[in-house]
Asker: 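Have a look at the structure that comes next, please.
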Amino acid sequence: MSAPASTDRTPQVLRVLICDEMNPGLLDHDGFQIDYAGNMDRSETLRRLPEYDALITRSRTKVDRELIDAAGPRLKVIGRGGVGVDNIDLEYASLRGLLVLNAPESNNVSAAELAVMHLMAAARGLTRSDRKTRAGEWDRKFLGLELKDRTLGIVGLGRIGSMVADRAQGLRMNVVAYDPYVPESKFERLGVTRAASLDELLGQVDFLTVHTPLTEETTGMIGARELALLKPDAIVVNAARGGIVEEQALVDALHSGHLFGAGVDVFVDEPPTADHIFLGAPNLGITAHLGANTREAQERVGAEIVSRVLAALHGDVSKGAVNAPALDPKTLEALGGYLDLGEKLGRIQAQLLPGAYDIEVTFRGEFPVDPAPVVSSVLVGYLSGSTDERPNMINARALAKERGLNLAVREQTDSPDYQTEVIVKVSTQGPAQGPDKARTRTVGGTVFGRSPRLTRLRDYRVELEPEGYILIASNQDKPGAVAQLSTLLGTWGVNIAGMALGRAARGGEALFTLTLDEGLSAEQLRAVRDLDVIDSAYLVRV
């Protein structure tokens with residue numbers, strides 16, 4: 001009688017290589033072999049990497065095409081300890097189906113505490129007194145400021161901004177924040193007063209700190225005009241990203257005496273040159289981008305990225321995903337145009353109604369495959385530029401949940417006007433807000449071939465290609481509105497690339513959209529809204 005077949009099904013040990021110096025914490029995990037070799041030579045990394053399922057780096061190792069190709073088919077996950085992933089070729093990793101993870105939250109406490117430190121140092125003239133004392137000048141005449149009962153303004157109420165708010169409240173400060181992308185429920189939970197606009201915030205605070213991602217929208221958002229809106233003897237802190245506060249404007253406000261003091265941890269260009277304007281500015285405390293540099297943060301970074309990589313190897317990709325590996329060719333071929341459409345609909349809604357409480361995605365008609373990935377693309381578009389992390393197809397749902405967004409997905413087999421249609425409805429109405437504060441926006445679209453088309457704005461039917469800048473205007477259905485607006489745009493040299501019209505009923509409210517080759521300034525948009533024939537006007541960039 002022959003021997004029975006082997007029943008040994010011992011699972012394969014998953015191997016992880018850590019090739020950069022860090023504190024990875026515990027390396028003994030069941031089912032994993034974790035090899036730590038800090039500062040591994042690149043040639044050695046290239047040689048050994050094909051034996052591993054995952055690679056963990058810091059900023060030293062350049063994970064480029066050569067390294068990814070050398071890894072071969074076994075590599076599945078790349079982990080980056082910390083926030084930045086500039087040393088990783090994300091596009092190529094995505095094409096190869098590799099998941100890239102980071103651990104940005106590990107630094108949050110350290111970054112928040114540094115911002116508070118800068119605030120306190122500026123209020124008490126720490127940098128000034130240190131410099132004078134070292135120079136032999138015993139100056140006890142300087143009068144600082146107390147933080148108690150002062151009002152702190154926070155721009156960006158994400159993870160770090162929320163921590164700063166909590167610590168400021170512990171110092172008995174009043175906290176006001178401006179963040180149009182955060183729902184009202186978060187402000188209420190944190191006990192933070194909401195400012196309806198940046199200008200409203202600036203006019204009522206004693207101290208200002210910024211904690212928002214650096215995007216096209218936030219670059220230079222605190223310039224000379226904004227600094228002038230602050231009370232005399234205000235304090236400004238930027239420990240977020242260089243360029244959010246205009247460097248020259250900050251220095252000018254310090255030299256003029258309008259600001260009592262300031263603190264910065266970040267520069268536009270790092271490291272700064274020897275003649276950088278910050279280095280000679282009065283009452284300015286400077287640190288060398290040290291927000292993440294504490295022993296505790298570095299320990300958390302190593303342990304957290306190891307934990308996330310191990311979870312990802314077991315199929316849990318809910319935390320830290322930086323990229324989205326390409327969908328399988330069949331799904332991508334079937335949904336490619338809808339994925340593009342979904343992201344554009346989300347991006348439009350983020351500009352029409354930021355800070356939503358509810359997002360509802362409705363699929364109408366028979367889609368070629370399960371359209372579930374389109375939901376993620378809608379969230380990517382809605383969250384882009386407004387979170388501490390970059391949203392993608394993997395992490396979008398987790399980021400939406402963290403933001404406090406309620407997500408609903410509906411399917412309707414009938415599509416009365418198009419073969420398929422995607423409708424995205426967002427609302428600010430939440431349990432604690434009441435019906436008087438409820439606002440809703442609805443946009444919809446379809447795909448012709450592989451080309452997205454906008455089909456619905458509010459209750460109006462439109463049909464235009466969602467590209468570039470779109471001016472959305474409403475008016476009473478009377479002759480002359482489009483002509484007057486077109487004439488005004490012509491005087492500015494703004495070219496109209498396309499137009500779509502819609503109305504609820506003859507003689508009632510009408511809506512028309514214009515696609516423009518270029519955007520409008522805030523002053524130009526106000527001029528559009530001031531036209532007698534225009535009831536409302538919004539400009540979105542797709």
Side-chain angles (χ1 to χ4, degrees), residues 11-90 92-94 96-111 289-323 325 389-390 392 394-395:
Q12 179 186 7
V13 173
L14 296 169
R15 302 187 67 194
V16 179
L17 174 64
I18 303 175
C19 65
D20 283 351
E21 188 173 349
M22 65 178 67
N23 186 342
L26 181 67
L27 296 181
D28 186 13
H29 295 267
D30 290 341
F32 295 95
Q33 176 186 329
I34 303 175
D35 295 332
Y36 176 73
N39 297 325
M40 177 181 283
D41 183 76
R42 182 176 177 85
S43 61
E44 183 70 3
T45 305
L46 288 168
R47 184 184 69 81
R48 293 181 57 182
L49 193 54
E51 305 168 9
Y52 291 89
D53 301 278
L55 173 70
I56 296 178
T57 76
R58 290 300 300 268
S59 59
R60 184 187 68 92
T61 299
K62 191 172 183 61
V63 186
D64 52 16
R65 288 189 174 219
E66 180 188 31
L67 198 71
I68 292 172
D69 286 340
R74 182 167 179 174
L75 189 69
K76 304 176 186 67
V77 178
I78 300 170
R80 164 65 163 89
V83 180
V85 288
D86 296 342
N87 59 313
I88 300 174
D89 189 334
L90 287 178
Y92 192 61
S94 299
R96 286 288 307 273
L98 299 176
L99 178 66
V100 179
L101 306 170
N102 68 351
E105 305 94 331
S106 304
N107 304 330
N108 290 347
V109 171
S110 297
H289 206 149
L290 300 179
N293 286 26
T294 62
R295 294 176 182 177
E296 294 84 355
Q298 294 309 305
E299 290 175 359
R300 284 194 298 268
V301 164
E304 185 64 28
I305 194 60
V306 168
S307 173
R308 292 184 176 188
V309 166
L310 301 189
L313 288 173
H314 274 167
D316 180 2
V317 296
S318 61
K319 292 184 178 180
V322 175
N323 71 330
E389 294 183 50
R390 180 167 57 182
N392 55 57
I394 292 176
N395 66 10

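What you see is a predicted model; the values in this text were computed from it and never measured.
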Asker: For residues 24-33, which side-chain donor-acceptor pairs fall under 3.5 Å, sequence neighbours excluded?
Answerer:
residue	atom	partner	partner atom	Å
H29	NE2	L26	O	2.9
Q33	NE2	D35	OD1	3.3
Q33	NE2	D35	OD2	3.1

Asker: Please determine which of V309, V16, L67, I18 meets the side chain to side chain contact (heavy atoms under 4.5 Å, CB included) test together with L55.
Answerer: L67
Asker: Would you say CG of D86 has more than 12 non-hydrogen atoms from neighbouring residues, nucleotides or ligands within 6.0 angstrom?
Answerer: no
Asker: Should V301 and M22 count as side-chain neighbours, where that means a heavy-atom distance under 4.5 Å?
Answerer: no
Asker: Could you state the interatomic distance from CE (M40) to CG (L49), rounded to the nearest 0.5 Å?
Answerer: 9.0 Å
Asker: Mind checking whether Q298 and N23 have side chains closer than 4.5 Å, heavy atoms only?
Answerer: no
Asker: Under a 4.0 Å N-O cut-off, is there an ion pair linking D41 with R47?
Answerer: no
Asker: Looking at R74 and D53, does any basic side-chain N land under 4.0 Å from a carboxylate oxygen?
Answerer: yes
Asker: Counting C-beta onward and ignoring hydrogens, is there a side-chain heavy-atom pair between V100 and V63 closer than 4.5 Å?
Answerer: no
Asker: Are any non-hydrogen side-chain atoms of V77 and R308 less than 4.5 angstrom apart?
Answerer: no
Asker: Could you go step by step and tell me if L17 and E51 meet the side chain to side chain contact (heavy atoms under 4.5 Å, CB included) rule?
Answerer: CA-CA 9 Å; L17 174 64; E51 305 168 9; over 6 Å; no
Asker: Quick one: list whatever passes side chain to side chain contact (heavy atoms under 4.5 Å, CB included) with V109, sequence neighbours left out.
Answerer: E113, M163, R167, R300
